[in-house]
Asker: 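Below is one structure. I have some questions about it.
Note that the structure is a prediction, hence the values are computed from the model and not measured.
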Amino acid sequence: MTVGTRPGARRARSAPREHVRAHTTGAASTALRQVLESPRRPARVLAAFPSGIYLEIRTELEPHVIAVVTGDAVRLPNAMVTNAPMPRVAVGDDAWVGDGSVEIGGLGLRAHRWWNPAPPLGPVAPARLASLLPALTELCDRSPRRPGLEGNGAAELLAGGCAEGSLLRGVTAAERLVGLGPGLTPSGDDMLAGLLVALRHLGTAAGAERAVWLAVWLAAAVTFDARGRTTPISATLLHCAARGEASNEVLAVLRGLVGQQSLEPALHRLLLLGHTSGADLAWGVRAGLAAVVALGSRSR
């Protein structure tokens, strides 16, 4: 399902603060701090589910999509989490974001604590990452959860280009993957997000400078015109990944790779996300790990 502007969406007219009937607090990603603390702006509902509502803000700031979710939903890097029930809203409904709060469907939500969606991993021995690459590959290969673009030529080109440290091959493949596939977050975007986060965090942890360099330039390429090439939600998540920001499920797999927690249970939780999103993200993490191992070995 591609999310776009609904022709019949209601126009935002004024800022009816008096219409907010309930006030509560939540925990917000630090990626949202600038948007939430900026002057109050109109927003609209992009998608609404029992466990979460996606809002698009009329701003040039990133992230320009916020996920307001319940505690049992996936904690995306652009999320604000609350224990309050989700208000009843429809796609196209008005909302407001800024001055420290989110107002939607009669609910006013203010952040009372923050979490970091891009925590540093700390140093890791490159030999450890190299030893875990076959294990991660085997776990992914035997999982019944398959990537949406498995066997796609662009995906294979991306993995190979990154392992070689070739920016040209990497960018060429990434350009073909942006927006490729159905859904709120197309498979190509999820693959790229997992790759960018893995290259940045694992490359930094292992001292593989070429991998971090590659992450920076690939991120610049895929976010340059993401808003015009994929869904608003997916474009925002690509911008988050470009800064190393990811969901708890992705971060848990990275922590498993550096020895901070058990890898197999973390990978299993990631693979269960969505229809193919978890498998697509895992594919990207695996490609990023392979590139970090290859580039780190080459530099040594």
Side-chain angles (χ1 to χ4, degrees), residues 3 20-37 43-57 63-91 93 95-119 145 183-185 190 193-194 197 232-234 236-237 239-241 243-256 260-262 265-282:
V3 179
V20 176
R21 298 184 297 275
H23 295 269
T24 188
T25 58
S29 164
T30 53
L32 303 181
R33 189 183 291 273
Q34 185 178 10
V35 168
L36 289 177
E37 295 180 350
R44 70 184 183 96
V45 176
L46 282 177
F49 306 98
S51 60
I53 297 170
Y54 293 91
L55 303 176
E56 183 175 31
I57 312 160
H64 72 289
V65 173
I66 287 181
V68 179
V69 301
T70 59
D72 57 351
V74 176
R75 186 177 290 196
L76 295 170
N78 61 328
M80 192 170 187
V81 184
T82 178
N83 290 325
M86 290 292 103
R88 293 195 172 198
V89 294
V91 174
D93 281 357
W96 297 86
V97 176
D99 290 345
S101 68
V102 174
E103 297 171 16
I104 175 175
L107 175 68
L109 180 60
R110 185 174 292 272
H112 80 286
R113 64 185 180 87
W114 304 84
W115 88 87
N116 181 5
R145 307 294 294 241
L184 293 174
T185 58
D190 286 332
V197 171
I233 294 171
S234 200
T236 285
L237 292 176
H239 277 275
C240 288
R243 298 187 295 268
E245 299 162 356
S247 69
N248 281 354
E249 289 77 8
V250 172
L251 296 174
V253 172
L254 298 183
R255 288 193 295 268
Q260 296 174 0
Q261 67 180 79
S262 180
L267 181 62
H268 179 68
R269 288 192 296 271
L270 175 61
L271 288 167
L272 289 178
L273 293 185
H275 182 57
T276 66
S277 285
D280 295 326
L281 287 163

Asker: Would you say that Ile104 contacts Leu109 through its side chain, given a criterion of any heavy-atom pair below 4.5 Å between the two side chains?
Answerer: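 Not in contact.
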Asker: Please check this pair: side chain of Ser29 against backbone of Pro77, looking for a donor-acceptor N/O pair closer than 3.5 Å.
Answerer: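 Judged by distance alone, yes, a pair lies under 3.5 Å.
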Asker: Rounded to the nearest 0.5 Å, what separates atom OG1 in Thr25 from atom CE in Met80?
Answerer: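 The OG1 atom of Thr25 sits 8.0 Å away from the CE atom of Met80.
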Asker: Roughly how far, to the nearest 0.5 Å, is CD1 of Ile233 from OG1 of Thr185?
Answerer: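 If I round to the nearest 0.5 Å, the distance is 8.0 Å.
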Asker: Write down the atom of Pro63, the atom of Ile57, and the distance for their closest heavy-atom approach.
Answerer: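 Scanning both residues completely, I find the closest heavy atoms to be O-CD1, 4.1 Å.
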Asker: Could you pull out the closest heavy-atom pair between Glu56 and Pro232, with the gap in Å?
Answerer: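 In terms of heavy atoms, the two residues are closest at OE2-CB, 3.8 Å.
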Asker: Taking all heavy atoms of Leu271 and all of Ala279, pick out the closest pair and write down the distance.
Answerer: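 That closest heavy-atom pairing would be CD2-CA, 3.8 Å.
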Asker: Could you tell me the separation between the CG atom of Leu32 and the CD atom of Gln34, rounded to the nearest 0.5 Å?
Answerer: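 That separation rounds to 11.0 Å.
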Asker: The test is side-chain contact (heavy atoms from CB on, under 4.5 Å); show your working for Leu36 and Ile66 and say whether it passes.
Answerer: CA-CA 10 Å; Leu36 289 177; Ile66 287 181; 4.2 Å; yes
Asker: Quick check for you: to the nearest 0.5 Å, what is the distance between Leu267 atom CG and Leu281 atom CG?
Answerer: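 So the gap between those two atoms works out to 11.0 Å.
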Asker: Is His268 close to Ser262 at the side-chain level, that is, under 4.5 Å between some pair of heavy atoms?
Answerer: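 No, every pair of side-chain atoms sits at 4.5 Å or beyond.
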Asker: State whether the number of non-hydrogen atoms from other residues, nucleotides or ligands found under 6.0 Å of Asn116 atom CG is greater than 12.
Answerer: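 Counting other residues, nucleotides and ligands, CG of Asn116 exceeds 12 neighbours.
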Asker: Can you name the closest pair of heavy atoms from Val74 and Val69 and give their distance?
Answerer: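 Of all heavy-atom pairs spanning Val74 and Val69, the closest is O-CG2, 4.3 Å.
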Asker: Taking everything shown except Glu37 itself, do over 12 heavy atoms lie less than 6.0 Å from its CD?
Answerer: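 Enclosed: over 12 neighbouring heavy atoms sit under 6.0 Å from CD of Glu37.
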Asker: How about Leu55 and Leu46: do any of their side-chain heavy atoms sit closer than 4.5 Å?
Answerer: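 Side-chain contact under 4.5 Å: no.
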Asker: Is a donor on one side and an acceptor on the other found under 3.5 Å between the side chain of Thr236 and the backbone of Val65?
Answerer: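 Yes, Thr236 side chain to Val65 backbone: donor-acceptor pair under 3.5 Å.
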Asker: Using every non-hydrogen atom in the two residues, find where Pro117 and Thr30 come nearest and quote the distance to one decimal.
Answerer: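 Between these two residues, the closest heavy atoms are CD-OG1, 3.2 Å.
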Asker: First locate atom CD1 of Ile53, then atom CG of Leu107, and finally report the distance between them rounded to the nearest 0.5 Å.
Answerer: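 Nearest 0.5 Å value for the CD1-CG distance: 8.0 Å.
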Asker: Within the 4.5 Å heavy-atom criterion, are Ser277 and Leu184 side-chain neighbours or not?
Answerer: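 SC-SC contact between Ser277 and Leu184 ruled out.
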Asker: Search all heavy atoms of Pro50 against all heavy atoms of Met86 and return the closest pair with its distance.
Answerer: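 Here Pro50 and Met86 meet closest at O-CG, 3.3 Å.
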Asker: How far does CD of Glu249 sit from CG of Leu76, to the nearest 0.5 angstrom?
Answerer: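 Glu249 CD to Leu76 CG: 8.0 Å, rounded to 0.5 Å.
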Asker: Would you find a donor on one side and an acceptor on the other, under 3.5 Å apart, between the side chain of Arg145 and the backbone of His275?
Answerer: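 Answer holds: yes.
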